[in-house]
Amino acid sequence: MYTVTMGFLGDVPAMAILNESIRNLYFHVTMWFAMMILLMVNLYNSIKYLGDPVLRTDEIAEESSRMAMVLGILGLLTGMVWAKYTWGAWWVNDVQLNGAAGTMLVYAAYFILRNSIEDEQKRGRIAAVYSIFAFAMMIVFIIILPRMGDSLHPGKGGNPGFSSYDLDHRLRLVFYPAVIGWTLLGVWIMNIRLRIRNINKSLES
Amino acid sequence: MISELWFLIQKEFRLEWRQKTMLTGMLIYVISTVFICYMTFKRIIDVPTWNALFWIIMIFAAINAVARSFMQESRGIQLYYYTMVHPAAVILSKIIYNSALLISVALIHLLFYSLFLGNEIQDMTMFLVGLLLGSTGLAATLTLVSAIASRASNSPSLMAILSFPILIPLLMTIIRFSRNAIDGIDWVMNASYVYVLLALIGMVVTLSYLLFPYLWKD
């Protein structure tokens, strides 16, 4: 709530090009942060599941990646709106945008894989293997490759980073709570979904 | 472990040699795809298009070639291996065999592709190095994906869905590298792509080595 109120009403430093759209920083950037955190939850639980196959761990892995997917799509949409107003197009050929789209595809494939395996134990194991593999490739994709080419995003390809001059005191005050807020929101929804699952399971049995 | 590996590689080659229809089928697949491109494009002078089309055909051929590496084996045979050899030996032997297969497919593909659609390559050695690394990378990635896909139902279509997004980083690097090779850009500029490719291949092989035992037990 704090993020949303401050995001729309709080003071922002006026800047060339970006202007008021800097407010989007609270939504777009923080959503990506939250998505990355949730994907790490997924990775952690996948590795844990391989070491010690408990069904609960696999459920957490699935729900965390589902939530990450929702945040990712929202991040993509807010990013597109921002791109339209600053770079002039809904979609520009930029390494980071392509990376984001690729990530979405990877996790869409992850869900399809999950749905096509009947046995629960086996599904958890195979999905965990795929998600560890996919996460490793995704890291290469969105972290290493963008460093090799130019990007329109701040901090890359000669563009100055946000932190250098425009992430000033007031922005920070909202930015970090926003990251925590989106992550907590994701974890909260994830928890509710896990509980619903448990209830359904106990109803069935 | 090493002797097991060597034995399994030999087995793969011998098996392939016995069913020559599969091998020729793959060659015909590549050649006819190139021919269709020739019929639709006639001649490609634009370098990026030439390069992109080359690698797209290569990817489809690779997916087709590697997809059957786990699917053609019945559960009985897999159980037999399971009792006999170390799982890492199985995946490593498949990766090595598939790389060899894809490198030969890539060379034949290059031959026909340049015959029909014209050859614009200025630095042939560099392009061949790219071809070698690219095929190895494709083989390594696709082998693990096909192992994953073979465990699920409706695996042939799943194979493509699972592998495309994972292949993007490899593909981006290899396309940039081979484009530089076509343009005849100096090695100094291009060396970083070789390192990235080697790192990618190393990472994929290590991950396969670590993860495959989990796919294996049933």
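Naming: A, B, ... by sequence-line order, numbering from 1 per chain.
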- request: Name the option with the most non-hydrogen atom pairs under 4.5 Å to chain A; the candidates are L162(B), I148(B), L210(B).
  value: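 Max contact count across the listed options: L162(B).
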query: Among L167(B), V145(B), L207(B), which has the most heavy-atom pairs under 4.5 Å with chain A?
result: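 Most heavy-atom pairs within the cutoff with chain A belong to L207(B).
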- request: Check whether the side chains of Y29(B) and N64(B) place a donor and an acceptor atom closer than 3.5 Å, and report yes or no.
  value: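 On atom types as modelled, these side chains qualify, holding a pair under 3.5 Å.
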query: So do F212(B) and V129(A) actually touch side chain to side chain, heavy atoms under 4.5 Å?
result: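 A side-chain contact is absent here, since even the closest heavy-atom pair is not under 4.5 Å.
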task: Tell me, yes or no, whether the heavy-atom count around F60(B) atom CZ, taken from other residues, nucleotides or ligands under 6.0 Å, exceeds 12.
output: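 No - once you tally the heavy atoms of other residues, nucleotides and ligands closer than 6.0 Å, there are 12 at most.
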- request: Side chain from CB out, backbone as N, CA, C, O: work out which of these in S208(B) comes under 4.5 Å of a heavy atom of chain A, or both, or neither.
  value: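 Contact with chain A: none, neither part.
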- request: Supply the atom-to-atom distance I168(B) CD1 to I175(B) CD1, rounded to the nearest 0.5 angstrom.
  value: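 Interatomic distance, I168(B) CD1 to I175(B) CD1, rounded to 0.5 Å: 11.0 Å.
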